[in-house]
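Only one structure is covered here, and it is reproduced in the block below.
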Number of protein chains: 2
Amino acid sequence: MTAAKPTKKPTIADIAKLAAVSVATVSNALNGTGRMSARTRRRVEAAMAELGFVRDHGAAKLRTGRSKLIGVLVNDISNPFFGEFAAALEAALSARGFLPILANTGDDADRQRALLDEMLGHGVAGLVVSPTIGTQPEDFALVRDRGIPCVTCVREVEDAPFDFIGADDFSAARLGTRHLLDGGHAKIAFVGGLPGAATWHRRCDGFFSALREHGIEPDEDLIRPGPAMRAFGRTAARQLADMGHPVSAVLCFNDIVALGACIGFKEAGVLVGKDVAVVGFDNLPDSEAWTPPLTTVEVYPRSIGANAAARLLRRLDGDESHPEISRLAPRLIARQSSPPLSGA
Amino acid sequence: MTAAKPTKKPTIADIAKLAAVSVATVSNALNGTGRMSARTRRRVEAAMAELGFVRDHGAAKLRTGRSKLIGVLVNDISNPFFGEFAAALEAALSARGFLPILANTGDDADRQRALLDEMLGHGVAGLVVSPTIGTQPEDFALVRDRGIPCVTCVREVEDAPFDFIGADDFSAARLGTRHLLDGGHAKIAFVGGLPGAATWHRRCDGFFSALREHGIEPDEDLIRPGPAMRAFGRTAARQLADMGHPVSAVLCFNDIVALGACIGFKEAGVLVGKDVAVVGFDNLPDSEAWTPPLTTVEVYPRSIGANAAARLLRRLDGDESHPEISRLAPRLIARQSSPPLSGA
DNA sequence: ATAGGTTGATTAAACGATACATCAAGAGAC
DNA sequence: GTCTCTTGATGTATCGTTTAATCAACCTAT
């Protein structure tokens, strides 16, 4: 491969000249519109190949108003959950010729606002957003006003006129909690996750609901909200271990927090899977390989991504029906981290 | 938030009318170019706010030829390594006003070609690419010809006139291998990773180099290439465990493969951290929390992302110097998965 | 032979933002 | 009062593509 000699990029006018046809004919060849003889089509295609033509989508979008760009906003791309989500979403969208452009909000509402603006400015045909904590409906005012199809995911934003695809967090938390209750646990903590995201509230409600169903009144002191990160899980576990009246089980906001909690308990000399039961959410690929293998509630990030893509594609195809809310049914995956309460 | 009523999007012409100025003035206000009184600037800004103006970057790009889009191609966004990489890259680029658009090649060379075309068509100002396996230099011909700044990462593509930022894979493999050799291991397998990616070859060379340095001739039968995935690590471990002359240590292509190997060995009744030593690459956030905690070679995905961004920004600022190859120094993180060979 | 159809290709007007060239008006110098 | 400078603002061509409106041949049927 030899050194670069920056070439001016060829336009359809250059192709037209080389193929001795008009620009309109080139455009038609490009889009399969209009009518033309097979011979000229070949000539045009040969010319495009020779000059290394690549169509300027921006210019086309300017003229037609149509675009194949889809803006995707996630709040933490380094979290494997969103990695899986994004991979599935991308596969489904690009199969239909769309180009998802993925940006990371880092759970910063200001950055989310800026990115939404930026995406609109680039003329996206649609949006898929996992909203940041603290998202206000007005943050999406421009999207709404422009009538750009937008599917929200994972975290619901209340009163926004958009489709939503996510896990059924209420049921998921109930599943996890009931699993512990059925094992005889009564003093159960709920660790991690930030109020401000709908996900947390729904899981918290599910947690409460299951407890009350078993005649247990939730103990405010056992609700430990915090960033959904390993570090928080670890410190929370240590605090719980140091409490006067230790808990026998912990429901964690996600597997990452759960892993942190396992580390924290281990450091505190408490044996997970024996002295204490731990349950997470997400069924991260690694969770079954931990020691002990983690009980978790599978919430299907790939399905959420795939469904979000399908929903958005329907909207792009012109479906104008009322926004739909879908909560995918979760599944409990019981493993060794959450044994029944021992007789002791 | 009320229902949608798709508004036509306002252009600078609309702003100009409302503010009773010319389009040129609006454009100047937008870009801070030209001269204008503070009063008119305020009028223009008020008009933009009132109508909810958002600038059409595509149109601007068409006119100016300048763009703030950066194409980013990774080969597996669901791999946490690339998640970390992408997050760091994005942070650095967006701090300078660029918008990285991230796409996933899924390690498919055809898809990579298509995506490169697509990105060029969208007028990216620059590219950051972690090339797929089987990438040919000609796949980047258009990028080279157009003179678009392009930084390759993680895997080097030979004979391509681009900057490269990655780990020093040769040294990394030597580090990991020497650690095992120093522990007295002699029968060491190298598991996972596909020939076809430069990364694999360099690591393989580093592995060989360390062995030979200790007077050990590499045994072809102990080289077990395969997809860098958990499943492969697992099957490879089982095969190794079933061999007549079992290995005492395994160097894995990355932590994911290493985790798979741990599972495989466990299933085969071989105790990792006792009967067999396992070393990985990447230092995934979870690797220290596994049982036993994994010895790994840290290759700093965030640093690779940050350096790639810095390099690209320099190019965008006009640096035309010869392409540079940077290999970031790795670091061995010794944990319990790789004890010295026991006397037995 | 002429009217009407079909086929294959062309012309030119958009799309939204930018930037060069131009200009009006007021300030200051003589 | 004329001349030059500066400040603030405008008119308009342009980027690359699409597409509606035309048009030139040629074919076919009367």
Side-chain angles (χ1 to χ4, degrees), chain A residues 7-45 47-48 51-69 117-118 120-125 146, chain B residues 7-45 47-48 51-69 117-125 142 146:
Chain A
T7 315
K8 203 98 300 73
K9 62 179 192 176
T11 73
I12 56 171
D14 301 317
I15 307 300
K17 207 175 303 167
L18 181 58
V21 295
S22 71
V23 291
T25 300
V26 177
S27 176
N28 282 331
L30 221 38
N31 301 310
T33 56
R35 11 179 94 275
M36 77 197 319
S37 71
R39 193 165 63 253
T40 47
R41 160 157 291 133
R42 272 197 305 274
R43 274 222 314 282
V44 171
E45 278 163 1
M48 295 198 302
L51 297 186
F53 173 78
V54 0
R55 172 218 246 102
D56 183 330
H57 293 102
K61 150 84 173 80
L62 177 59
R63 177 65 233 263
T64 62
R66 278 174 265 128
S67 156
K68 289 292 197 178
L69 287 179
D117 250 44
E118 194 84 7
L120 290 182
H122 281 286
V124 294
R146 291 266 206 292
Chain B
T7 314
K8 199 109 282 82
K9 62 180 194 180
T11 74
I12 57 171
D14 301 318
I15 307 299
K17 207 174 304 166
L18 181 58
V21 294
S22 71
V23 292
T25 301
V26 177
S27 175
N28 282 332
L30 222 36
N31 301 311
T33 56
R35 13 181 92 275
M36 80 198 318
S37 70
R39 196 167 58 254
T40 46
R41 160 157 290 132
R42 271 197 305 274
R43 273 222 314 282
V44 171
E45 278 163 0
M48 294 199 302
L51 296 187
F53 173 79
V54 0
R55 172 219 245 101
D56 182 330
H57 292 102
K61 150 85 173 78
L62 177 59
R63 176 67 234 265
T64 63
R66 279 175 264 125
S67 157
K68 289 292 197 177
L69 285 180
D117 250 44
E118 193 84 7
M119 300 249 156
L120 290 182
H122 282 287
V124 294
L142 279 177
R146 292 267 205 292

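Just the heavy atoms: all of them, side chains too, but no hydrogens, waters or symmetry mates, feed the values below. We name chains A, B, ... by the order of the sequence lines, and we start the count at 1 in each one.
- In this structure, CD1 of B:I12 is placed 12 Å from C1' of D:dT12, rounded to the nearest angstrom.
- DNA chain C lies under 4.0 Å from at least one heavy atom of each of the following residues of residues 33-42 of chain A: A:R35, A:M36, A:S37, A:T40.
- In this structure, A:N31 places its CG atom 10 Å from C1' of D:dT19, rounding to the nearest Å.
- If you take CG of A:D56 and P of D:dG16, they are 8 Å apart, rounded to a whole angstrom.
- Residues satisfying the side-chain contact (heavy atoms from CB on, under 4.5 Å) criterion with A:I12, sequence neighbours excluded, are A:V23, A:V26, A:L30, A:F53.
- Annotation: side-chain hydrogen bond (donor to acceptor under 3.5 Å, both in side chains) contacts of A:S22 (sequence neighbours excluded): A:T25.
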Under the criterion side chain to side chain contact (heavy atoms under 4.5 Å, CB included), I'd like the reasoning laid out for B:T11 against B:D56: C-alpha separation, chi angles, the key distance, then a yes or no. CA-CA 8 Å; B:T11 74; B:D56 182 330; over 6 Å; no
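- How far CG of A:D117 is from NE2 of B:H57: 8.5 Å, rounded to the nearest 0.5 Å.
- Annotation: side chain of B:L69 is not in contact with side chain of B:K61 (no heavy-atom distance under 4.5 Å).
- Across residues 23-30 of chain B, B:A24, B:S27, B:L30 each have a non-hydrogen atom less than 4.0 Å from an atom of DNA chain C (numbered order).
- For B:A47, the side-chain contact (heavy atoms from CB on, under 4.5 Å) test picks out B:I15, B:L18, B:A19, with sequence neighbours left out.
- Residue B:R43 has no polar side-chain atom (N or O) positioned under 4.0 Å from OP1 or OP2 of D:dA9.
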Return all side-chain donor-acceptor pairs below 3.5 angstrom for residues 32-39 of chain A, not counting sequence neighbours, or 'none' if the list is empty.
| unit_1 | atom_1 | unit_2 | atom_2 | d |
| --- | --- | --- | --- | --- |
| A:T33 | OG1 | A:N28 | OD1 | 2.6 |
| A:S37 | OG | A:T40 | N | 3.3 |
| A:S37 | OG | A:T40 | OG1 | 3.0 |

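- A straight line from NZ of B:K61 to P of D:dT17 spans 10 Å, rounded to a whole angstrom.
- Nucleotides of DNA chain D nearest to B:R63 and A:H57 differ in position, and the one nearer the 5' end is that of B:R63.
- Taking every nucleotide of DNA chain C with any atom under 4.0 Å from a non-hydrogen atom of chain B, the first and last of them, 5' to 3', are C:dG16 to C:dA19.
- Note that the two end axes of the helix from C:dA1-D:dT30 to C:dC30-D:dG1 enclose an angle of 50°, each drawn from 5 base pairs, rounded to 10 degrees.
- Nearest heavy-atom pair, A:S67 versus A:A125, reported as atom, atom and distance to 0.1 Å: O-CB, 3.2 Å.
- In this view, B:R55 and B:N31 satisfy the side-chain hydrogen bond (donor to acceptor under 3.5 Å, both in side chains) rule, not counting sequence neighbours.
- Remark: A:D14 engages no residue in a salt bridge (Lys or Arg N to Asp or Glu O under 4.0 Å) (not counting sequence neighbours).
- B:P10 approaches A:R146 most closely through the heavy-atom pair CD-NH1, 4.0 Å.
- Partners of B:A60 under the side-chain contact (heavy atoms from CB on, under 4.5 Å) rule, at least two apart in sequence or in another chain, do not exist in this structure.
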